[in-house]
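The block underneath contains the structure these notes are about, expressed in structure tokens.
Keep in mind it's a predicted model, so treat the numbers as computed, not measured. Convention: sequence-line order gives letters A, B, ...; per-chain numbering from 1.
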2 protein chains.
Amino acid sequence: MPLGLNDDQLKRIDDIVATRRKVKRGGTLFRNGESFTSLYAIRTGFFKTCVATEDGRDQVTGFQMAGEVIGLDGIVNDHHTCDAVALEDAEVCVMPFDRIEELSREVTALQSHVHKIMSREIVREHGVMLLLGSMRAEERLAAFLLNLVQRLHARGFSQSELVLRMTREEIGSYLGLKLETVSRTFSKFVEEGIVEVKQRHVRILSTDALKGIVNNQQACH
Amino acid sequence: MPLGLNDDQLKRIDDIVATRRKVKRGGTLFRNGESFTSLYAIRTGFFKTCVATEDGRDQVTGFQMAGEVIGLDGIVNDHHTCDAVALEDAEVCVMPFDRIEELSREVTALQSHVHKIMSREIVREHGVMLLLGSMRAEERLAAFLLNLVQRLHARGFSQSELVLRMTREEIGSYLGLKLETVSRTFSKFVEEGIVEVKQRHVRILSTDALKGIVNNQQACH
DNA sequence: CGCGTCATTGATGTGCATCAAGTGGTGTGG
DNA sequence: CCACACCACTTGATGCACATCAATGACGCG
């Protein structure tokens with residue numbers, strides 16, 4: 001939350017997030033088609049959001065961790081258009097959207113905050129589109145790891161070590177790759193001495209090497 | 001714009017969009033890195049938005065037509081993170097964002113409208129991620145054509161005939177394909193009698209066939 | 001009319017998907 | 001506590017969809 005609020009304003013924002021909800025690992029916070037009432041701020045735990053085609057294929061559209069907000073997709077049509085699934089036991093703050101709108105009419109900082117959260121999501125998705133549309137497997141995985149570790153670092157975790165909360169298949173779905181390709185690409189990074197991988201434990205040995213993979217043109221021709 | 005506003009409110013919203021700006025074909029409305037001040041509602045013309053990697057590759061993130069709003073990417077960091085390029089001579093309404101925020105604190109309908117526009121963009125991008133992450137070339141192009149013609153139809157144009165404002169390369173960039181693949185896929189649709197194509201003029205002969213391509217699993221095994 | 005841009009089409013190459021087999025870690029129940 | 005089953009993961013062999021390279025054709029504009 002942003003700064004510069006007086007006690008009354010802070011209290012009222014607090015009231016919005018008064019109710020909480022726990023979601024067990026594997027459980028859903030909301031599902032495609034459910035009616036939209038609230039945004040959710042993640043307190044603890046880890047989520048994925050995914051959309052599906054009618055014929056059953058699905059696509060992970062994002063991974064969310066503590067401090068991030070999910071449910072924005074529901075605003076436009078008053079029902080959700082994706083599933084939010086907990087990848088580990090989680091707890092969220094339930095924030096009824098009508099109350100957010102009400103209060104953000106009075107508290108400028110809240111209004112601005114809401115706009116920025118939505119804009120941030122749009123920009124993030126631009127980045128994913130760039131990744132899906134024009135990067136090769138190694139670049140995708142490198143970008144993914146860098147993004148994850150950067151977000152974890154901002155939350156006080158290590159810059160070089162992380163535990164993946166999702167399966168290879170879920171990573172693949174997010175990155176537009178098959179799980180075998182994700183696994184092979186991990187192995188390749190290990191061979192090259194860029195990372196150590198032991199199951200879901202990943203240690204990044206050279207952040208620079210990863211950045212080099214993301215930024216460099218596929219060195220061909 | 002939504003309904004249910006009184007004259008005073010309408011007038012004040014009108015004041016926001018009082019200033020206009022023309023952009024010639026090929027010109028940019030804003031560029032990556034430029035400071036963000038306003039959202040733009042397209043009055044006439046056709047735009048693309050695109051992001052770029054440091055090494056020069058770029059990705060079209062969307063095509064926008066009359067009535068749609070661009071510039072939402074700029075809100076989060078007060079500067080734009082993509083380019084908006086006119087694909088034909090265009091005119092936009094310039095809507096200073098601070099005035100939008102100001103007025104949407106007073107006019108509930110405007111506030112709701114702004115939220116829905118941003119949410120709609122998020123949902124649209126989910127769809128693009130699904131397309132880029134899990135569809136084959138034919139499905140991507142079919143989905144693209146259906147989406148375009150549906151939006152044009154909503155604006156009073158034909159359900160079956162359209163003129164592409166963008167090159168094959170730009171379509172390819174949006175769909176994560178090379179221009180040759182876009183061209184070949186068009187040719188394939190023509191062979192199958194699904195569309196007629198003459199340069200940028202496209203006539204859809206069977207909307208159902210296109211829908212079938214999008215929805216059907218790639219008929220394998 | 002000639003040039004540049006955009007589009008089509010063919011030949012070939014390659015990155016990733018697919019299919020398949022096997023390994024290792026985890027949890028459960030006897 | 002161990003045997004077994006299950007699931008996630010790894011790794012190899014093969015195939016295919018799309019990329020790449022290259023040549024030609026069709027507009028449109030100065």
Side-chain angles (χ1 to χ4, degrees), chain A residues 24-26 48 57-60 85 87-88 131-142 144 163-192 195-202 213 216-221, chain B residues 24-26 48 57-60 85 87-89 131-142 144-145 163-192 195-202 213 216-221:
Chain A
K24 281 254 166 263
R25 179 181 157 180
K48 69 170 178 181
R57 285 173 292 181
D58 74 336
Q59 169 80 22
V60 172
V85 179
L87 298 180
E88 58 183 15
L131 180 147
L132 290 173
S134 72
M135 291 186 178
R136 299 168 340 97
E138 290 174 45
E139 301 175 276
R140 295 185 196 197
L141 189 62
F144 171 72
V163 177
L164 301 171
R165 301 300 179 186
M166 68 294 281
T167 67
R168 300 287 189 267
E169 185 168 18
E170 285 161 338
I171 296 172
S173 174
Y174 182 59
L175 299 179
L177 302 170
K178 291 291 149 181
L179 69 94
E180 294 96 326
T181 303
V182 174
S183 180
R184 274 185 243 274
T185 308
F186 267 124
S187 299
K188 189 164 184 195
F189 286 173
V190 171
E191 274 172 39
E192 291 169 352
V195 300
E196 284 174 8
V197 178
K198 193 166 198 178
Q199 298 293 116
R200 299 197 179 176
H201 294 259
V202 177
I213 288 171
N216 284 345
Q217 204 114 308
Q218 101 196 57
C220 66
H221 317 306
Chain B
K24 281 253 167 264
R25 179 183 156 177
K48 68 170 178 180
R57 284 172 294 179
D58 75 336
Q59 168 80 21
V60 173
V85 179
L87 297 180
E88 57 184 14
D89 291 356
L131 181 146
L132 290 173
S134 72
M135 290 186 179
R136 296 167 340 98
E138 289 174 46
E139 301 175 275
R140 295 185 196 195
L141 189 62
F144 171 73
L145 288 174
V163 178
L164 301 171
R165 301 301 177 183
M166 68 295 282
T167 67
R168 300 287 189 266
E169 185 167 17
E170 285 161 337
I171 296 172
S173 173
Y174 182 60
L175 298 179
L177 302 169
K178 292 290 148 182
L179 70 94
E180 294 96 328
T181 303
V182 174
S183 181
R184 274 185 243 272
T185 308
F186 267 124
S187 299
K188 188 163 185 194
F189 287 172
V190 171
E191 276 172 38
E192 292 169 350
V195 300
E196 284 175 8
V197 178
K198 194 165 200 178
Q199 298 293 116
R200 299 198 179 178
H201 295 259
V202 177
I213 289 171
N216 284 345
Q217 204 114 308
Q218 97 197 58
C220 65
H221 314 304

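Distance CD (Glu138(B)) to C1' (dC18(D)): 12 Å, rounded to an integer number of Å. What separates NE2 of His201(A) from P of dG25(C) is a distance of 12 Å, to the nearest Å. In this structure, CZ of Arg136(B) is placed 14 Å from C1' of dT18(C), rounded to the nearest angstrom. As a whole-Å value, the separation of Arg140(A) CZ from dG15(C) C1' is 11 Å. One atom, CG of Leu87(A), and another, P of dA8(D), lie 12 Å apart when rounded to the nearest Å. Rounded to an integer number of Å, the gap from Arg165(A) CZ to dA8(D) P is 16 Å. Between the CG atom of Leu164(A) and the C1' atom of dC9(D) there is a distance of 12 Å, rounded to whole Å. What separates CD of Glu139(B) from P of dA17(D) is a distance of 12 Å, to the nearest Å.
Nearest heavy-atom pair, Val60(B) versus Ser173(B), reported as atom, atom and distance to 0.1 Å: N-OG, 2.8 Å. Taking all atoms of both residues into account, the shortest heavy-atom contact from Leu132(A) to Gly176(A) is CD2-N, 3.7 Å. Taking each heavy atom of Thr167(A) and Arg200(A) in turn, the nearest pair found is CG2-NH2, 3.1 Å. Nearest heavy atom pair, residue Leu175(A) against residue Phe144(A), reads CD2-CB, 3.9 Å.
At a non-hydrogen distance threshold of 4.0 Å, Glu180(A), Thr181(A), Arg184(A) from residues 179-191 of chain A come into contact with DNA chain C. Near-neighbour residues of DNA chain D inside residues 169-177 of chain B, defined by a heavy atom below 4.0 Å, number-ordered: Gly176(B), Leu177(B).
Counting heavy atoms from C-beta outward, Ile171(B) and Leu141(B) have side chains that approach closer than 4.5 Å. Using a 4.5 Å cut-off on side-chain heavy atoms (C-beta onward), Val202(B) and Leu164(B) make contact.
No donor-acceptor pair closer than 3.5 Å links the side chain of Arg168(B) to the backbone N or O of Glu180(B).
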Show me the donor-acceptor pairs, under 3.5 Å and distance only, between side chains in residues 183-192 of chain A and residues at least two apart or in other chains.
residue: Thr185(A); atom: OG1; partner: Thr181(A); partner atom: O; Å: 2.6
residue: Ser187(A); atom: OG; partner: Ser183(A); partner atom: O; Å: 3.1
residue: Lys188(A); atom: NZ; partner: Glu138(A); partner atom: OE2; Å: 2.6

Per-nucleotide protein contact string for nucleotides 25-30 of chain D, where B marks a base within reach and S marks sugar-phosphate only (heavy atoms under 4.0 Å, - for neither): ------
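At most 12 non-hydrogen atoms from other residues, nucleotides or ligands lie less than 6.0 angstrom from CZ of Arg25(A).
Taking CG from Asp89(B) and NZ from Lys24(B), the interatomic distance works out to 4.0 Å, rounded to the nearest 0.5 Å. The structure places CD of Glu170(B) at 4.0 Å from NZ of Lys48(B), a figure rounded to the nearest 0.5 Å.
At the phosphate of dA8(D), neither OP1 nor OP2 sits under 4.0 Å from any side-chain N or O atom of Arg168(A).
Here Glu88(B) pairs with Phe46(B), Arg165(B) under the side-chain contact (heavy atoms from CB on, under 4.5 Å) rule; sequence neighbours left out.
Comparing the local axis fitted to the first five base pairs of the helix from dC1(C)-dG30(D) to dG30(C)-dC1(D) with the one fitted to its last five gives a bend of 40°, rounded to 10°.
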